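I have placed the structure first, in the form of structure tokens, so that the comments after it can refer back to it.
Fair warning: this is a prediction, and the values are worked out from it, not measured in the lab. Every number for a ligand or one of its atoms is a count from 1 in the order of the listing.
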Amino acid sequence: MDKVTSLCKRRGFIFQGSEIYGGLANTWDYGPYGVELKNNLKRAWWKACVYERNDILGMDASILMHPKVWEASGHVENFFDLKSDCKVCKKRFKTADLKDNSVCPECSGQLTESRPFNLMFKTHQGPVEDASNLIHLRPETAQGMFVNFLNILDSKHPKLPFGLAQIGKAFRNEITPGNFTFRTREFEQMEIEYFCSPLDADKTYESWIEERFNWYLSLGIKKENLRKRRHAKDELAHYAKACTDIEYNFPFGWSELEGIANRTDFDLKQHSKFSGKELQYFDDQKKERFYPYIIEPSGGVDRSVLAILVDAYHEEKVKEDTRVVLKLSKDLSPAKVAVLPLLRNRPEIVELAKNIAGDLKKSLIAVYDDTGAIGKLYRRQDEVGTLFCVTVDVQSLEDKQVTVRDRDTMQQVRISMDKLKEYLINQLS
Ligand code: ATP
């Protein structure tokens, strides 16, 4: 993990939040490469879950929702962890993590009795801070899709089974955040709520587990680092009949990337009860009205980005040196092509390289870099996962050819400049 976190900072993937002020604990800011990687991941998810299917519609709901939503969902009543505070060092611990419920694991001071601690962030809507305008930051994106169920039925008239998909921020006042971006208090989720007949729910649940597991494989994550873990009955959330996690083998142990849950008809029934609006579905062939069951594949953007970075990190011996390379897939890699002049003190070469980069930029993601000697430039590009380096040298001025180096094989081929764009587009597609 130390190697990955240090690369993330060194190369501009992820920085500590508010770092110049000493940092705000467990907040992270995505830098130039991090934001590209994150956007590529979200795009890949949206493509697989919305564009490539006929049965899923996208949406984007508000973070702030009516307070009754969280009563109906059970979050006001059930969304808490038990915690104990140290009377001496004032640190707070999750009771479930403690070996001894009365002794502080850090300073051996006395702990308070364990007390429930609601994980939802609270704030006030409008200028007056009183109980009547207390609202919460959403702890999951899911509820935004349940409360729009009727709007979707009335505007798009989908037939069961169908799903809604959403990517967005969620907030949880976690007691024990940590492991870099793995557990934070502000994070992004990618969630699908898939509505189906109660009779098909078990089968649909099983097929989503396979579908989602295969999606992680399609990102290029190694199969041996992924596994499925079915929850025991006593682990299930209050709304779930069954749940399976897809876990990644992080350096700190196997941990959840995504949970696939059978939420039954709990959510639509609860929102019908609390809102007074009937959220049943009418099957016009069978002439039946019923509450659909919901299968929910719910993943974390930040956790997937972290797994992808850990999985892609490689160190290789090249002659006497160690090469660090991020072997990110073509789609995910934040950097596709870098154009480098072999000699940065030769203006004709620099100008030609800049022109080539400028031309490539119109069709693909390319950068120009002349801030170091060629060996250093290659090392830098390998560390951010750049798929191809195009080098312009003295000979290029004569023969109008450039050298293209492949990140993974390090093999170099000479390509004529007028064929370069076509060559790279083919390699990247
Ligand atoms: P955990 O058991 O790790 O706390 P969870 O089971 O509470 O996770 P869910 O409620 O199923 O998580 O949320 C769905 C997904 O949202 C998780 O699989 C994870 O990828 C992401 N997620 C949840 N909590 C956090 C967090 N604090 N930081 C980053 N991502 C999170």
Scan for salt bridge (Lys or Arg N to Asp or Glu O under 4.0 Å) pairs involving residues 243-266, sequence neighbours excluded, and state none if there are none.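 Listed by first then second residue: E140-R263, R212-E258, R227-E247, R229-D245, R229-E247, R263-D267, R263-E296, D265-K269.
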
Pairs where residues 42-53 contributes a residue and the test salt bridge (Lys or Arg N to Asp or Glu O under 4.0 Å) is met, not counting sequence neighbours: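 Salt bridge (Lys or Arg N to Asp or Glu O under 4.0 Å) check on residues 42-53 returns K42-E188, K47-E52, R53-D55, R53-E211.
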
Of the backbone atoms (N, CA, C, O) and the side-chain heavy atoms from C-beta on, which set of R185 has a member under 4.0 Å from an atom of ligand 1: side chain, backbone, both, or neither?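 Under 4.0 Å from ligand 1, R185 contributes no heavy atoms.
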
To which protein heavy atom is atom 6 (O) of ligand 1 closest, and what is the distance rounded to 0.1 Å?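 Residue, atom and distance for the closest contact: E256 OE1, 3.2 Å.
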
How far is atom 22 (N) of ligand 1 from its nearest protein heavy atom, and which residue and atom is that?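 Protein heavy atom at minimum distance: F187 CE1, 3.5 Å.
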
State if D302 counts as touching ligand 1 under the rule of any non-hydrogen atom under 4.0 Å.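 Contact absent.
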
Electrostatic pair R11-E36, nearest N-O below 4.0 angstrom: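 No.
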
Closer than 4.0 Å to some heavy atom of E258 - which atoms of ligand 1 meet that?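 Selected atoms, number and element: 18 (O).
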
Check each atom of ligand 1 against the heavy atoms of E174 and keep those under 4.0 Å away; list them by number with element.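 In order of numbering, the contacting atoms are 24 (N), 26 (C), 27 (N).
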
Just say parallel, tilted or perpendicular for the rings of Y248 and F250, cut-offs at 30° and 60°.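 Aromatic pair Y248/F250 classed perpendicular.
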
Under 3.5 Å: N/O of T181 near N/O of ligand 1: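 Checking ligand 1 against T181, no N or O pair falls under 3.5 Å apart.
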
Taking N or O atoms only and a 3.5 Å limit, does G299 qualify as a polar contact for ligand 1?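 No, since none of the N or O atoms of G299 sits under 3.5 Å from an N or O of ligand 1.
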
Less than 3.5 Å apart, any donor N or O on the side chain of N151 or D154 sitting next to an acceptor on the other?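 D154 and N151 do not have a side-chain donor-acceptor pair below 3.5 Å.
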
